[in-house]
Amino acid sequence: MLQAQDAKNQTLAAYQPAPYIHLTHPEWAKNASIYQINTRQFTPEGTFKAAQQQLPRLKKLGVDILWLMPIHPIGAKNRKGELGSPYSVKDYFAVNPEFGTADELKQFIDEAHAQGMYVILDWVANHTAWDSDLVENHPDWYERDYDGNFRPTPWWDWSDIIDLDYSKPELRQYMTRALKYWVEEFDIDGYRADVAGFVPVDFWNNTRKELDAIKPVFMLAEWESRDLHAHAFDMTYAWSWHEAVMHVIKHEGEMSKLFVYYSWNESAYPKDAYRMTYVSNHDANAWEGTMYERLGDGVEAALVLSFIGEGMPLIYNGVEAGNDKRLAFFEKDPIQWKSHHFADLITQLNTVLENNPALWHGKEGATMLRVKNSAPDEVLSFIREKDSNKVFALFNFTSKNIAVTFDDKKHFGKYSDLNGNQITVDAQSSYELKPWEYKVMLSGSEN
């Protein structure tokens with residue numbers, strides 16, 4: 001009998017599930033939000049020194065991770081516009097003088113750390129400017145077109161850059177050394193990798209290992225792929241989430257698009273994979289339209305969902321000011337800062353995110369559970385629950401008043417709303433939601 005049991009155990013051993021993710025997230029990322037700084041447009045001066053003066057405001061806003069768009073010198077050859085794209089990198093070991101000096105960048109990072117925030121740099125590994133020193137010193141590190149010439153990324157109108165060739169071990173060694181330099185010398189806390197999926201995954205896997213040997217880092221991939229989470233990246237873009245939310249708002253319902261995203265995210269991605277949700281970023285704002293152009297009257301509900309649903313919320317600079325213009329990409333075009341209720345809302349949401357473990361990221365937080373309501377194609381309702389912490393949320397993604405009732409029970413409980421009002425939800429509870437209205441109810445030791 002024992003021999004039969006041992007044989008069975010040995011057979012089952014080959015079928016035991018193995019963890020997909022083999023990296024460790026920095027402890028400080030589990031309940032973080034991320035804030036993107038477009039240095040050129042962030043202040044009238046467009047410098048690190050001027051941005052540093054805004055750190056107390058960002059701390060008050062409650063953000064944790066500051067993502068600086070590329071800080072490197074920009075190529076002059078084939079430059080777009082007067083100032084060029086920050087993603088046309090000329091020198092990976094230098095600082096763009098448009099933004100200030102290396103010492104001023106270091107002062108910005110040091111002050112952010114002193115205020116309890118973390119700084120990641122935008123890294124462009126896929127391509128360089130046409131006049132990078134690598135073109136002259138290592139021309140064999142570049143991809144070539146059919147005629148043997150340097151080539152921009154195929155199929156895109158990226159005429160100001162040329163692609164690197166990651167079949168070259170020497171290039172991989174150089175790029176890894178450059179990535180390590182900013183961690184070792186400037187104490188940065190990680191990277192946002194531009195078009196991460198255009199660079200081989202095994203390069204990123206090794207890079208993460210070498211960076212983590214210096215200090216625990218946080219890595220964000222501009223890509224949407226499960227593979228990148230295994231060894232390299234803490235977080236990937238939730239492009240599909242943003243597209244689904246835009247669809248739901250545009251069609252005032254058809255919630256199935258959003259259900260597809262959440263089903264896919266829960267079923268196809270590991271529990272500990274962080275996804276980045278957003279209402280705007282530099283690309284969306286410049287090329288697809290302002291958050292109002294893309295999300296219309298539903299923009300506030302979408303912003304709240306980016307915090308309350310699964311995912312780490314991104315705040316692109318200016319969202320807190322209700323920025324309603326497309327910021328120029330290749331020219332100086334400062335944000336017009338003004339008072340807006342989004343600033344108070346984001347501060348409130350960041351406080352909730354920090355204190356309610358049900359809303360934390362990856363395995364530290366709770367999976368969303370759908371709560372079925374009487375208007376399932378117009379109103380999104382769900383709970384997230386971990387231990388004694390629970391969140392019940394409703395979103396009316398239409399321009400009409402909707403009354404909703406529930407057959408479900410999983411949302412029953414005692415809560416407080418975002419303003420601290422006490423609420424009991426039971427079998428008699430129903431809700432009248434105004435156009436684009438949302439309700440967020442919280443319970444737990446911190447609420």
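In what follows, every heavy atom counts, from backbone to side chain, and hydrogens, waters and symmetry copies are set aside. Owing to the predicted nature of the structure, the values given are computational and were not obtained by experimental measurement.
- There is no side-chain donor-acceptor pair under 3.5 Å between Asp103 and Thr101.
- When every heavy atom of Val319 is checked against every heavy atom of Ser280, the shortest pair comes out as CG2-CB, 4.1 Å.
- Remark: the backbone N or O of Gly253 is not paired with any side-chain donor or acceptor of Asp377 at under 3.5 angstrom.
- Using the six-membered ring where Trp is involved, Phe108 and Phe48 have ring planes that are tilted, between 30° and 60° apart.
- The shortest non-hydrogen separation linking Val95 to Ala102 is CG2-CA, 3.9 Å.
- With no hydrogens or angles considered, a side-chain donor-acceptor pair links Tyr20 and Asp227 at under 3.5 Å.
- No donor-acceptor distance shorter than 3.5 angstrom exists from the side chain of His229 to the backbone of Tyr269, with no hydrogens or angles considered.
- Glu331 places a side-chain N or O within donor-acceptor distance of the main-chain N or O of Glu82, the cut-off being under 3.5 Å.
- No donor-acceptor pair closer than 3.5 Å links the side chain of Arg275 to the backbone N or O of Met235.
- A heavy-atom distance below 4.5 Å is not found between the side chains of Arg192 and Leu121.
- In this structure, Arg144 forms a cation-pi arrangement with Phe150, its terminal cationic atom sitting closer than 6.0 Å to the ring centre and no more than 45° off the ring axis.
- For the residue pair Ile188 and Lys215, the shortest heavy atom distance occurs at O-NZ, 3.3 Å.
- In this structure, Pro152 and His127 have side chains that are not in contact, with every pair of non-hydrogen atoms separated by 4.5 Å or more.
- Glu310 and Thr367 share no side-chain donor-acceptor pair at under 3.5 Å.
- Atom CD of Gln173 has 12 or fewer heavy atoms from other residues, nucleotides or ligands within 6.0 Å.
- Across every non-hydrogen atom of Ala112 and Leu55, the tightest pair is N-CD1, 3.6 Å.
- Under the 6.0 Å distance and 45° angle rule, Arg384 does not count as a cation-pi partner of Trp360.
- Other residues, nucleotides and ligands contribute over 12 non-hydrogen atoms within 6.0 Å of the NZ atom of Lys30.
- Counting only N and O atoms by type, the side chains of Trp182 and Tyr191 include no donor and acceptor under 3.5 Å apart.
- Using modelled atom types, no side-chain atom of Asp91 and backbone atom of Asp133 make a donor-acceptor pair closer than 3.5 Å.
- Ring-plane geometry between Trp264 and Tyr261 is classed as perpendicular, the angle between the planes exceeding 60 degrees on a 0 to 90 degree scale with a lower cut at 30.
- A side-chain contact (heavy atoms from CB on, under 4.5 Å) with Leu295 holds for exactly one of Glu300, Lys250, His242; it is His242.
- The aromatic rings of Phe342 and His340 sit perpendicular, their planes meeting at an angle over 60°, well past the 30° parallel limit.
- More than 12 non-hydrogen atoms from other residues, nucleotides or ligands lie less than 6.0 angstrom from NZ of Lys325.
- In this structure, Lys209 places its NZ atom where only 12 or fewer heavy-atom neighbours from other residues, nucleotides or ligands lie under 6.0 Å away.
- Residue Lys80 places its NZ atom among more than 12 non-hydrogen atoms of other residues, nucleotides or ligands, all under 6.0 Å distant.
- Panel note: side chain Gln52, backbone Lys49; no donor-acceptor pair is recorded below 3.5 Å.
- For the atom pair CG of Asp64 and OG of Ser33, the computed distance is 4.5 Å after rounding to the nearest 0.5 Å.
- In this pair, His282 and Tyr316 present their aromatic rings tilted. The plane angle is within the 30 to 60° band.
- By the 4.5 Å heavy-atom criterion applied to side chains, Glu222 and Trp239 are counted as neighbours.
- At distances below 3.5 Å, at least one donor-acceptor pair connects side-chain atoms of Lys338 with backbone N or O atoms of Ala321.
- Between Phe218 and Asp234 there is a side-chain heavy-atom pair separated by less than 4.5 Å.
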Q.
Pair Tyr237, Trp223 - check ring pair (Phe, Tyr, Trp, His ring centres under 6.0 Å), show working.
A. CA-CA 6 Å; Tyr237 270 54; Trp223 208 251; 9.7 Å; no
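- With a 6.0 Å cutoff to the six-membered ring centre and a 45° limit on the axis angle, Arg294 does not count as a cation-pi contact of Trp287.
- His138 and Glu170 are not linked by any side-chain donor-acceptor pair at a separation below 3.5 angstrom, with hydrogens and angles left out of the test.
- For the side chain to side chain donor-acceptor pair (under 3.5 Å) with Tyr87, the lone residue among Asp122, Asp194, Asp160, Asn126 that qualifies is Asp122.
- Within the model, atoms CD of Glu320 and CG of Leu345 stand 11.5 Å from one another, a figure rounded to the nearest 0.5 Å.
- Relative orientation of the Phe233 and Trp204 rings is perpendicular, given thresholds of 30° and 60° on the angle between their planes.
- Within the 3.5 Å criterion, the main-chain N or O of Arg151 finds no donor-acceptor partner in the side chain of Asp145.
- Counting heavy atoms from C-beta on, the side chains of Thr128 and Ile162 come closer than 4.5 Å.
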Q: Decide yes or no on side chain to side chain donor-acceptor pair (under 3.5 Å) for Ser381 and Asn373, but give the supporting numbers first.
A: CA-CA 7 Å; Ser381 52; Asn373 64 63; 2.8 Å; yes
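- Rounding to the nearest 0.5 Å gives a distance of 8.5 Å between OG of Ser306 and CG of Leu314.
- Side-chain contact, Glu111 with Gln115: a donor N or O sits under 3.5 Å from an acceptor N or O.
- Within a 6.0 Å sphere centred on NZ of Lys434, other residues, nucleotides and ligands contribute 12 heavy atoms or fewer.
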